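First the structure, in the form of structure tokens, and then the observations on it.
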Number of protein chains: 2
Amino acid sequence: MKEPDFTTSLELLRWIGWAQRKAGEDWIRERDLSHEQSFVLGYLTQNPGAIQRDIAAMTRTSAASVSSLLQGLERRGLVERRADGESARIKRVYATRAGVELISGFDTAMAGTEEVILAPLSPEERATLHDLLTKITSVMPRPTR
Amino acid sequence: MKEPDFTTSLELLRWIGWAQRKAGEDWIRERDLSHEQSFVLGYLTQNPGAIQRDIAAMTRTSAASVSSLLQGLERRGLVERRADGESARIKRVYATRAGVELISGFDTAMAGTEEVILAPLSPEERATLHDLLTKITSVMPRPTR
DNA sequence: CATTGACAGTTAGATGTCTAACGATTAGAG
DNA sequence: CTCTAATCGTTAGACATCTAACTGTCAATG
């Protein structure tokens, strides 16, 4: 009655990624944000005055989706769109003070989940895992956040 | 003393997950699936006859969300819900032939990326990684075979 | 049996997101 | 200057997802 192991490392990684996504979901849901909204809000705190077209490229979505998304954030006062002095067809987007404060806790909250996810591993195993993951990511394109 | 290491394992995992997510996004979008739908469809091919409550636990969402999600998949003929012989209040969910075929293409497409992602590792390192990932995921809600 | 409470699933309503079509503005060529 | 094409952004309509309230079923207790 042995069970053959059909689970590849890739599937395990996907699975962990899913769990992380869900962990972050709890945090952002308490703030009534969607994944996309939190991502864009985080991007705006690091790139104040970005224009919508750049945000669309960054999030790999369309300009229309960014427009809708920003409408939602603006309605809640988390984001501001101001006309540009140079060109009348672009709008520069800024996270408001409230927006910055809301998203600022996200990264630290995510750091707290590390302990939970790595709980089954000994310190030595964690070091080994960290080594292997570093090797893998050393040849990957960097995420934009 | 603090090591000059700015990247935690969690961040590395998130990073890998991000790359995988983006890689799969194009494939999924061509089939008009959402991430959640593809995840559930994949789960159903591995766990035929699962009940909705288990799917909800697995995806960490509510029974209501699963209900809506399955309605969308059922409308497109990718999934089937049949009454259970034992209990009248549960429905067993199955991926249809079309559903299995649709998602199996995803697995093969994703499998191609495994080589790319694990390229920097030797066979021994891959085995070690697989072992560590298995330990991590063993304490997470998992499809029971 | 009858009642009660837990359980599996659905529906209603609100919000978010996506695709397609549509204004509006700018730069460049004639 | 005027026309055209590219660029930036919005709107409309369809679908997906979530929360809260709901129906129907089972099982335990008396």
Side-chain angles (χ1 to χ4, degrees), chain A residues 18 21-22 24-41 43-44 47 49-94 102, chain B residues 21-22 24-41 43-44 47 49-94:
Chain A
W18 176 269
R21 180 180 167 80
K22 285 304 172 183
E25 205 155 74
D26 295 337
W27 190 93
I28 65 179
R29 184 149 302 288
E30 285 168 16
R31 277 92 182 160
D32 282 317
L33 290 174
S34 70
H35 284 281
E36 289 79 0
Q37 287 174 329
S38 69
F39 188 83
V40 168
L41 196 50
Y43 175 75
L44 284 175
N47 303 272
I51 69 173
Q52 299 188 196
R53 178 163 184 71
D54 291 339
I55 298 173
M58 175 65 49
T59 56
R60 291 174 55 108
T61 64
S62 65
S65 296
V66 172
S67 181
S68 305
L69 188 151
L70 289 180
Q71 280 175 15
L73 291 179
E74 196 167 34
R75 197 183 320 136
R76 292 171 55 186
L78 301 175
V79 143
E80 239 181 22
R81 282 182 283 190
R82 307 183 204 141
D84 182 73
E86 304 273 328
S87 171
R89 70 178 166 187
I90 74 179
K91 296 179 179 176
R92 304 217 161 261
V93 189
Y94 300 86
L102 188 62
Chain B
R21 182 179 170 81
K22 285 306 172 187
E25 205 154 72
D26 296 334
W27 191 95
I28 289 174
R29 189 161 304 288
E30 285 168 17
R31 274 86 182 168
D32 284 317
L33 290 175
S34 69
H35 285 281
E36 287 81 0
Q37 288 173 328
S38 69
F39 190 82
V40 168
L41 196 49
Y43 175 74
L44 284 175
N47 302 272
I51 71 173
Q52 299 187 195
R53 187 132 201 75
D54 291 340
I55 299 174
M58 174 66 190
T59 57
R60 291 178 51 109
T61 64
S62 64
S65 296
V66 172
S67 182
S68 304
L69 189 151
L70 289 179
Q71 279 175 13
L73 290 179
E74 195 167 36
R75 197 183 320 136
R76 293 170 56 185
L78 301 175
V79 143
E80 237 180 24
R81 281 182 283 190
R82 306 184 204 141
D84 182 73
E86 303 276 327
S87 171
R89 69 178 167 185
I90 73 178
K91 296 180 178 176
R92 305 219 158 256
V93 188
Y94 300 87

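Keep in mind it's a predicted model, so treat the numbers as computed, not measured. The figures that follow rest on heavy atoms only: side chains count, while hydrogens, waters and symmetry mates do not. Just so it is clear: chains get the letters A, B, ... in the order the sequence lines come, proteins before strands, and each one is counted from 1.
If you check every strand for non-hydrogen atoms under 4.0 Å, A:Ala88 touches sugar and phosphate atoms only. Within the 4.0 angstrom heavy-atom criterion, only backbone atoms of the sugar-phosphate kind lie near B:Arg81; the bases stay farther away.
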Mark up nucleotides 1-7 of chain D, 5' to 3', with B wherever a protein heavy atom is under 4.0 angstrom from a base atom, S wherever such an atom reaches only the sugar-phosphate, and - elsewhere.
-----BB

Nucleic acid footprint by protein, nucleotides 15-21 of chain D - heavy-atom cut-off 4.0 Å, B for base, S for sugar-phosphate alone
-SBBBB-

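A heavy-atom distance below 4.5 Å is not found between the side chains of A:Asp84 and A:Lys91. Counting heavy atoms from C-beta on, the side chains of A:Val40 and A:Val79 never come closer than 4.5 Å. A heavy-atom distance below 4.5 Å is found between the side chains of B:Gln52 and B:Val93. A:Phe39 is not listed as a side-chain neighbour of A:Gln37, based on a closest heavy-atom distance of 4.5 Å or more.
Rounded to a whole Å, the CD1 atom of B:Ile51 is 12 Å from the P atom of C:dC7. One can place CZ of A:Arg82 at 15 Å from P of D:dG9, the figure rounded to the nearest angstrom. If you take CG of B:Asp54 and C1' of C:dG9, they are 13 Å apart, rounded to a whole angstrom. Protein atom CG of B:Leu70 is 13 Å distant from nucleotide atom C1' of C:dA8, rounded to whole Å. The separation between B:Ile90 atom CD1 and C:dT10 atom P is 12 Å, rounded to whole Å. Atom CG of A:Leu41 is separated from atom C1' of C:dG16 by 16 Å (rounded to the nearest Å). Spacing between atom CG of A:Leu33 and atom P of C:dG16 amounts to 9 Å, rounded to whole angstrom units. To the nearest angstrom, C1' of D:dG24 lies 16 Å from CG of B:Asp84.
Under the side-chain hydrogen bond (donor to acceptor under 3.5 Å, both in side chains) criterion, B:Thr61 pairs with B:Thr59, not counting sequence neighbours. Shown here are the side-chain hydrogen bond (donor to acceptor under 3.5 Å, both in side chains) partners of B:Ser65, two or more places apart in sequence or in another chain: B:Ser62. For A:Asn47, there are no side-chain hydrogen bond (donor to acceptor under 3.5 Å, both in side chains) partners, not counting sequence neighbours.
Side-chain atoms of B:Glu30 never come within 3.5 Å of backbone atoms of B:Trp27 as a donor-acceptor pair (strictly under, hydrogens ignored).
Residues in residues 72-81 of chain B take part in these salt bridge (charged side-chain N to carboxylate O under 4.0 Å, His left out) pairs, two or more places apart or across chains: B:Glu74-B:Arg81, B:Glu80-B:Arg82.
Side-chain N/O atoms of A:Gln71 include none lying less than 4.0 angstrom from OP1 or OP2 on C:dT15.
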